[in-house]
Every structure is written in structure tokens, then in C-alpha cells.
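By convention here, the first residue in the shown sequence is residue 1.
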Amino acid sequence: MSYAEIASKGPKQTPEEAAAPQPPQIEVADVETASSSSLIDVDTPSVHVVPSDFQEQEVKTETQAARIEHDRRQKELEDKARAEADLAKKKARRKAHQADNWMTRKFEGMSEENSWALFAGNVLALVGISSVVGYKAYGLYSRGLLDKKSVAIGVGVFGAVAAFESVFLQYFKKTPAGKSKP
């Protein structure tokens, strides 16, 4: 049984009970008095102006002294944190440069035969990855499951391999003099 059925079997309301209560009546006061009473008189002596040399004045209260001490400590902490961050950046930059130099030295020391072997390995890796991605794409296509997401994943794999190869070959092409091979 629904709520509506149960409510319909109960006693009926009179029209006075069913009617919504009347909203309270708001008395409208004099418009000029209400609008002008909220204004602040700026000519009264209760409004104070802080002089422009406030920060340079001598400390007169404990609260001012505590605030100045707190600001000084906060500045020291910020300076210390900034110095530590700069040191960490310098260390990271130094480590990255050392790794870059190590990789460059390894490629510079390769003989002509080793470089051709590396080139052949890169070509085989690229052909292998292309074959696997193509085979998977054909399998999805034959089952009717090839969609935009699958294509985007395949393109992402090719993009990642291409990015890795481009970075890898930049180091490989460097000569001992620091110039790129033509």
C-alpha cells in the first residue's frame, strides 16, 4: 500500500488547515533613515591613518617585538630552504652531466664494426616492434575490436621508440671534437 492511499483514508483537512500560512508582513521604514544610517562618517576621530614610516618606528609593545622576531625567523627558514633547493638542483645537474659524459665517452670509443652492429641491432629492434604491433592490430581488426584507443596505444609505442632512438642517436653521432658527424 502506498503513502498516498494511506493518507487518503485519514481525516480530511479543512480549507483553513490546507492553506499555507501567510508570510509575515515587513514594515517599510523611512528609506532615507535606513540608507543613511549605515554610512560611516570618515571625519570622526575614530578613523586612524597609519603613517608611511610605520615599519621604521621603534618597537613599543611585546606584540610588535614578537611579530618582528617571528618575521625574522620565517625569513631565515625561507632562505635556508631556498639554499637547500639550489644545492639539490646543482647536484642533480652535475649527476646528469656526468651521465651524459659517460654515455658520450662510450660511444666515442666504439670502433666502426661495433657501430655497424649497433645500427643493425636498432634496425632489427624497430622491425621487431613494428611486426608485433602490426600483428596485434591485425588480430584486433579481424575480431572487429580495433578502435581509436588501440590505435592510439600503437602510435604511442612507435612514438616512444622513435623518441628513444632520436635521443640515443644524438649521443652516437658525437665525435671526440664535440661536433656531429655529417
List in chain and number order the residues that pass side-chain contact (heavy atoms from CB on, under 4.5 Å) with [X], two or more places apart in sequence or in another chain; answer none if no residue qualifies.
X     : result
Gln25 : none
Glu16 : Thr14
Ser8  : none
Ser2  : Ala4, Glu5

Between side-chain atoms of residues 78-92 and protein atoms elsewhere (two or more places apart, or another chain), which donor-acceptor pairs fall under 3.5 Å?
residue : atom : partner : partner atom : Å
Asp79   : OD1  : Arg82   : NH1          : 3.1

Output every pair passing side chain to side chain donor-acceptor pair (under 3.5 Å) with a member in residues 146-157, not counting sequence neighbours, ordered by first then second residue.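 Residue pairs with at least one partner in residues 146-157: Asp147-Ser150.
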Can you list the other members of the hydrophobic cluster that holds [X], where links are side-chain heavy atoms under 4.5 angstrom apart?
X      : value
Tyr3   : none
Leu124 : none
Ile6   : Met1

When clusters are formed by joining ILVMFWY residues with side-chain heavy atoms under 4.5 Å apart, either directly or through shared neighbours, do Phe164 and Val161 land in the same one? no
Hydrophobic cluster membership, Val127 vs Val132, 4.5 Å side-chain cutoff: no
Excluding sequence neighbours, so at least two apart, what forms salt bridge (Lys or Arg N to Asp or Glu O under 4.0 Å) with Arg72? Glu69, Glu76
What pairs of donor and acceptor atoms, side-chain ones from residues 133-143 against any protein atom, are under 3.5 angstrom apart with sequence neighbours left out?
residue : atom : partner : partner atom : Å
Ser142  : OG   : Tyr138  : O            : 3.3
Ser142  : OG   : Gly139  : O            : 2.9

Between the CZ atom in Phe158 and the CG atom in Leu126, the distance rounded to the nearest 0.5 Å is 7.0 Å
